Amino acid sequence: MLPIPAEELNGSGTLGPYWTFYHAVVAEQLTRWLPGEPSVILDLSGGRGRWSGQAARAGHRVIEVLDFRRTAEGHHRLRDADLVRHVRADDLAFLPDESVDAVVAEERAMSIELMAESAMSDVARVLRPGGRALVCVDSLVLGMAILAEQGQWQHLRQTGEVMLVPWPDGSITRCFSSNQLRELLAGAGLEVEWMRPRTVLSPSTVDHVLGSDTRTLAYLVRTELEAKPADDDTVGIHLVASARKS
C-alpha cells in the first residue's frame, strides 16, 4: 500500500491538509537553509516559481531554469519575473564554472532527471567553493510502494540497484535510498552536510491535527523540522539533503 495514494502524489486530490503542511515544511526548511548574505541562487526545481520567488524575496539574485518537461503546468511560474532571471535550458552549459553560491533542486528534480550523475556533476561545476546544494528526490520507499501497487513484485528485491519506476502518467522517476543519494552527491565531489526524509509525520496525523485546529500548522512544521531522523530512508516519500562544495 502506498504511503500516499498514487493519485495524490502530484499534490492534488483529497490530501489538501497534508500538502499544505508539506509545502509549509519545504518553505521553512528553505528559509533556514538559504545563505545569510545576498547571494546568487540557481533554481533547478522545474520552473514552478515557488522556491525561486521565495529566495528572491529574501534578497537573493535567482536564476531559474525552466524545464521543457514541465511546460504544461501553467504560466504562474513567471509570477516573480521581475525578481528572477528565467532561462529555458536542458543543461547548465550557459553558466560558467564557479558562478553561483547555491543550487536548489526541489520538486524531485534529480529523480525526474534520469542522468542524475551528469546533472549533479554540472551542479558541482557551477558552484563556487563553499557553495551548497539542496536536493530533493523520490525515496526508495515510494518507489517500492508504487511497484507494489502496480503488481511488479519481481522488481521489489532489486533495492541495491538503480530503481526506475513508471508512473501512471507514463513518466519515469528514479528513486533513491539514502546511500544512493549520498553516493550521487559524493560522486560529484560534494560533501553531505545532512540528509533526512522530507516529512516523517504521516498524512493521517497531519490531517487529524489540522482538522481540529488549522492554527496548529506552525506547531506541526516546527515539530517536523526539529525531529532528528538522520538519513533514515524507511519513512517518507521523499529524501532531502544538503551538500557543500569544498
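Count residues from 1 along the sequence. Keep in mind that this is a model prediction, so the values were computed, not measured.
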Would Glu226 and Arg32 count as a salt bridge (charged side-chain N to carboxylate O under 4.0 Å, His left out) if you check the C-alpha gap in whole Å, the side-chain angles of each, and the deciding distance to 0.1 Å? CA-CA 12 Å; Glu226 290 176 357; Arg32 298 183 183 189; 5.2 Å; no
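- Taking the side chain as every heavy atom from C-beta outward, Arg196 and Gln29 approach each other to under 4.5 Å.
- A 4.5 Å side-chain heavy-atom check between Asp213 and Tyr219 finds every atom pair outside the cut-off.
- When side chains are defined from C-beta on, His238 does not count as touching Glu106, because their heavy atoms never get closer than 4.5 Å.
- When each of Val137, Val135, Thr173 is checked for a side-chain contact (heavy atoms from CB on, under 4.5 Å) with Arg108, only Thr173 meets the rule.
- In this structure, Arg198 and Ile237 have side chains that are not in contact, with every pair of non-hydrogen atoms separated by 4.5 Å or more.
- In terms of heavy atoms, Ser139 sits closest to Gly236 at OG-O, 2.8 Å.
- Here the side chains of Val62 and Val104 are not in contact, with every heavy-atom distance at 4.5 Å or above.
- Between Arg125 atom CZ and Leu127 atom CG the span is 10.5 Å, to the nearest 0.5 Å.
- The side-chain heavy atoms of Leu185 and Met120, taken from C-beta on, include a pair separated by under 4.5 Å.
- In this structure, His86 contributes its side chain and Glu64 its backbone to no donor-acceptor pair below 3.5 Å.
- When side chains are defined from C-beta on, Pro38 does not count as touching Arg61, because their heavy atoms never get closer than 4.5 Å.
- Ring geometry for Trp51 versus His23: interplanar angle of 30 to 60°, hence tilted.
- No side-chain heavy atom of Leu142 sits under 4.5 Å from any side-chain heavy atom of Val165.
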